[in-house]
Chemist: 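Okay, here's the structure, questions in a sec.
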Amino acid sequence: MDRLKKRAEFLAVARGVRSPRHAFVLQAALAPDPAAAPRCGFTVTKKVGNAVVRNRIRRRLREAVRLQSDALGRAGCDHVLIGRREALSQPFATLAADLVSAFRQAHKRLPAPPSTVGASLRVDGPDPAAPRHPRGETPGRTR
RNA sequence: CCAGUCGGCCGGGCGGCCGCUCCGGGUCUCGAAAGAGGCGCGGGGAGGAAAGUCCGGGCUCCACGGAAAGACGGUGCCGGAUAACGCCCGGCGAGGGCGACCUCAGGGACAGUGCCACAGAAAACAGACCGCCUCGGUCCGGACGGCGUUCGCGUCGUCCCGUCCGCAAGGGUGGAAGCGGUGGCCGCAAGGGCAUCGGUUCGAUCGAGGUCAGGGUGAAAAGGUGGGGUAAGAGCCCACCGCGGACCCGGCAACGGGGACGGCACGGCAAACCCCACCGGGAGCAAGACCGAAUAGGGGCGGCGCGGGCUCGAAAGAGUUCCGGUCUUUUCCGGACCAGUCGCCCGGGUUGGUUGCGCGAGGCGUCCAGCAAUGGGCGUCCCAGACGAAUGGCCGCCACGUGGGGGAAACCCCGCCAUACAGAACCCGGCUUACAGGCCGACUGGCCCU
RNA sequence: UGGGGCGUCGCCAAGUGGUAAGGCAGGGGAUUUUGAUUCCCCCAUCCGCAGGUUCGAAUCCUGCCGCCCCAU
């Protein structure tokens with residue numbers, strides 16, 4: 001699963017659906033390109049702990065996503081995992097199970113993407129599609 | 001053995017499966033090439049503090065004719081060492097500890113300014129005040145009335161006067177005790193008591209002088225203690241201690257030792273301003289350099305073309321500079337240019353990419369110089385380079401710690417979600433701070449044994 | 001990466017070398033039939049922490065800790 005890296009992408013996903021668990025909060029939203037591979041980003045804020053703690057949490061989450069990617073992927077979806085303190089102490093198996101359930105829940109809540117792209121995106125504009133407009137329009141705006 | 005001081009070091013090990021990143025070479029695909037991507041192989045991949053960002057340097061850009069002064073900031077015993085430092089090493093001084101050892105921003109207070117609350121007579125230099133001592137002056141009442149009387153006077157009240165305290169209102173006070181002479185009174189006498197004069201001692205007060213011994217205070221008060229001495233006292237004199245100190249000796253120096261002599265004069269604070277000496281140009285790898293698509297817009301050159309009006313002309317078109325804008329500093333005159341399109345070139349800039357960016361004041365070993373910090377020689381090694389940011393996830397065994405159980409012991413079994421502080425971001429030298437547990441060395445004090 | 005500021009009672013805060021104002025809150029009391037108002041009294045000595053200078057430190061110096069802000 002590819003990584004999200006741009007701040008604008010994170011902001012876009014933050015407007016989507018949320019699915020909280022003990023060790024993390026999952027955010028998900030439709031990507032501008034419905035056929036694109038699923039992508040995922042990680043956020044661990046400074047409140048959680050020092051650099052060592054934050055690194056460890058991100059690495060555990062990343063490893064869990066890697067191992068479960070078959071069960072989690074869905075084309076045209078962007079995800080952000082916000083790490084919490086429990087991600088450090090929770091058993092890895094539990095963490096992985098939570099991850100799967102969170103992804104399923106989030107995907108269920110998202111509108112069906114492909115084929116109907118144009119219509120559905122335009123219709124519920126304010127919801128998950130709206131934040132992606134800026135990105136989608138950036139080429140037109142800046143270039 | 002117990003207690004302690006100092007210095008140095010480690011900060012888990014081995015292995016399996018699945019991943020991440022960098023490098024090398026292999027192979028496959030795409031491509032004319034440059035190159036891009038895929039697959040598998042081999043190798044590298046966090047720290048002693050990577051942290052805090054408190055100092056110092058390298059490196060890069062900017063500024064500057066070379067510097068220096070001023071301002072500002074920093075440092076501050078002496079010497080050494082270093083690229084440099086506020087770090088480090090050695091020494092000195094002061095303080096603490098029985099000791100090993102530890103702590104100290106530790107130059108200048110006769111360049112100047114300032115501060116020293118409260119208390120205290122006084123807070124910085126020399127006195128004032130209280131007190132002590134010597135000398136000198138003054139020490140006194142008057143009028144009226146009441147009462148008592150030994151008829152000398154005593155006492156009380158009012159007024160006046162003197163004097164002291166007090167801003168004033170007002171208050172206090174009008175010497176005491178001996179000695180001698182004279183006068184008069186009482187008494188038979190011894191004697192008593194009164195007035196006055198002289199003089200003595202004490203006291204009060206004023207003035208002049210001596211003095212700093214003393215003055216409950218305070219962090220700090222005139223060198224301390226003892227003796228002599230004096231009117232009272234005082235380094236006034238003496239002894240010891242303390243202080244200053246020409247000069248001599250040792251030391252590169254800080255400083256140390258001795259010390260004629262001075263006779264105590266010189267309080268503390270500069271982490272108060274300040275003075276003196278020395279150091280510092282500014283910014284920081286988001287420094288800086290290079291590449292640079294599409295789109296929009298800018299500038300330059302060249303080609304073609306020229307908005308409205310007017311004149312000529314049948315028209316095509318030609319002419320005119322009348323009208324618009326820009327420039328020529330402004331106004332007038334004059335002049336030049338512009339309007340649209342095509343091509344080429346240039347620079348700026350958004351997003352992005354590459355670089356800086358890993359051979360270094362480098363690590364390890366060894367030898368030499370030096371007490372040491374450190375320096376030098378030789379050999380050997382190449383050892384992280386990410387950028388929403390790699391070094392991870394899940395296990396097994398072992399080591400160590402700790403708790404429980406078994407055992408005579410060696411040891412065995414089980415448990416601890418036991419194993420700290422903490423993650424490179426241009427690099428290096430320090431400092432500071434955090435840290436489970438452990439190892440090594442040197443030394444000190446005490447007890448015991450030989 | 002560079003720069004600046006703050007930390008004093010539960011809250012807001014004054015004090016910048018001489019022993020910590022004030023307000024709100026809280027507690028006790030008085031006034032009142034009761035309540036409100038009003039009045040009186042009480043409430044920090046660990047001034048973020050640790051050292052140092054000084055006779056004396058919230059204040060001056062050094063080192064830490066925490067928080068906030070600014071520039072890029």
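Since the structure is predicted, the reported quantities are computational estimates derived from the model, not experimental observations. In what follows, chains are A, B, ... by sequence order, proteins preceding strands, each numbered from 1.
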Chemist: Check side chain to side chain contact (heavy atoms under 4.5 Å, CB included) between A/Val52 and all other residues, then give those that pass, not counting sequence neighbours.
Modeler: A/Asn50

Chemist: Rounded to the nearest Å, what distance is computed from the CG atom of residue A/Leu81 to the C1' atom of nucleotide B/G388?
Modeler: 14 Å

Chemist: Find the distance A/Leu61:CG to B/G392:C1' and express it as a whole number of Å.
Modeler: 12 Å

Chemist: Please enumerate all residues that pass side chain to side chain contact (heavy atoms under 4.5 Å, CB included) together with A/Ser89, with sequence neighbours excluded.
Modeler: none

Chemist: So, using salt bridge (charged side-chain N to carboxylate O under 4.0 Å, His left out) as the criterion, who are the partners of A/Arg66 when residues are at least two apart?
Modeler: A/Glu63

Chemist: Quick test: give all pairs of protein nitrogen or oxygen and nucleotides 417-419 of chain B nitrogen or oxygen below 3.5 Å, distance rounded to 0.1 Å.
Modeler:
| from | atom 1 | to | atom 2 | distance (Å) |
| --- | --- | --- | --- | --- |
| B/C417 | N4 | A/Ser89 | O | 2.2 |

Chemist: Applying the Watson-Crick and G-U wobble criteria at under 3.5 Å, what pairs with B/A239? Answer none if nothing qualifies.
Modeler: B/U225

Chemist: Hey, what are the protein-to-nucleotides 19-21 of chain B N/O distances that come in under 3.5 Å?
Modeler:
| from | atom 1 | to | atom 2 | distance (Å) |
| --- | --- | --- | --- | --- |
| B/G19 | O4' | A/Arg66 | NH1 | 3.3 |
| B/G19 | O2' | A/Arg66 | NE | 3.0 |

Chemist: Checking base pairs now: Watson-Crick or wobble, both atom distances under 3.5 Å. What partners B/G35?
Modeler: B/C30

Chemist: To the nearest angstrom, how far is A/Leu67 atom CG from B/G393 atom P?
Modeler: 12 Å

Chemist: Just jot down the side chain to side chain donor-acceptor pair (under 3.5 Å) partners of A/Asn55, sequence neighbours excluded, or say none.
Modeler: A/Arg58

Chemist: Applying side chain to side chain contact (heavy atoms under 4.5 Å, CB included) between A/Val44 and each of A/Ile57, A/Val53, A/Leu81, report the one that passes.
Modeler: A/Ile57

Chemist: Expressed in whole Å, how much space separates the C1' atoms belonging to B/C88 and B/G370?
Modeler: 16 Å

Chemist: What is the distance from CG of A/Asn55 to C1' of B/G47, rounded to the nearest Å?
Modeler: 14 Å

Chemist: Using the P atom as the reference point in each nucleotide, state the distance between C/U16 and C/C60 in Å, no decimals.
Modeler: 10 Å

Chemist: Return the 5'-most residue of the pair A/Phe10, A/Phe92 with respect to RNA chain B, ranking by each residue's nearest nucleotide.
Modeler: A/Phe10

Chemist: What interatomic distance, in whole Å, is found between C1' of B/C10 and the corresponding atom of B/G106?
Modeler: 39 Å

Chemist: Kindly compute the distance separating NE2 (A/His79) from SG (A/Cys40), expressed to the nearest 0.5 Å.
Modeler: 7.0 Å

Chemist: Rounding to the closest angstrom, what is the interatomic distance between B/U432 and B/G76 at atom P?
Modeler: 15 Å

Chemist: Round to a whole Å and report the spacing from CD1 of A/Ile57 to P of B/G392.
Modeler: 15 Å

Chemist: Distance check needed: B/G388 C1' versus A/Arg59 CZ, whole Å only.
Modeler: 14 Å

Chemist: Between A/Arg56 and B/G423, is there a side-chain N or O to OP1/OP2 distance below 4.0 Å?
Modeler: no

Chemist: Donor-acceptor pairs under 3.5 Å, side chain of residues 91-103 of chain A to any protein atom, not counting sequence neighbours: which ones?
Modeler:
| from | atom 1 | to | atom 2 | distance (Å) |
| --- | --- | --- | --- | --- |
| A/Ser101 | OG | A/Arg21 | NE | 3.1 |
| A/Ser101 | OG | A/Arg21 | NH2 | 3.0 |
| A/Ser101 | OG | A/Asp98 | O | 3.1 |

Chemist: Quick one: does A/Arg60's side chain have a donor or acceptor within less than 3.5 Å of a partner on A/Gln90's backbone?
Modeler: yes

Chemist: Please report, rounded to the nearest Å, how far the P atom of B/C387 is from the CZ atom of A/Phe42.
Modeler: 16 Å

Chemist: What's the CG-C1' distance between A/Asn50 and B/G47, to the nearest Å?
Modeler: 14 Å

Chemist: For B/G259 versus B/C248, give the span between their C1' atoms, rounded off to a whole number of Å.
Modeler: 8 Å

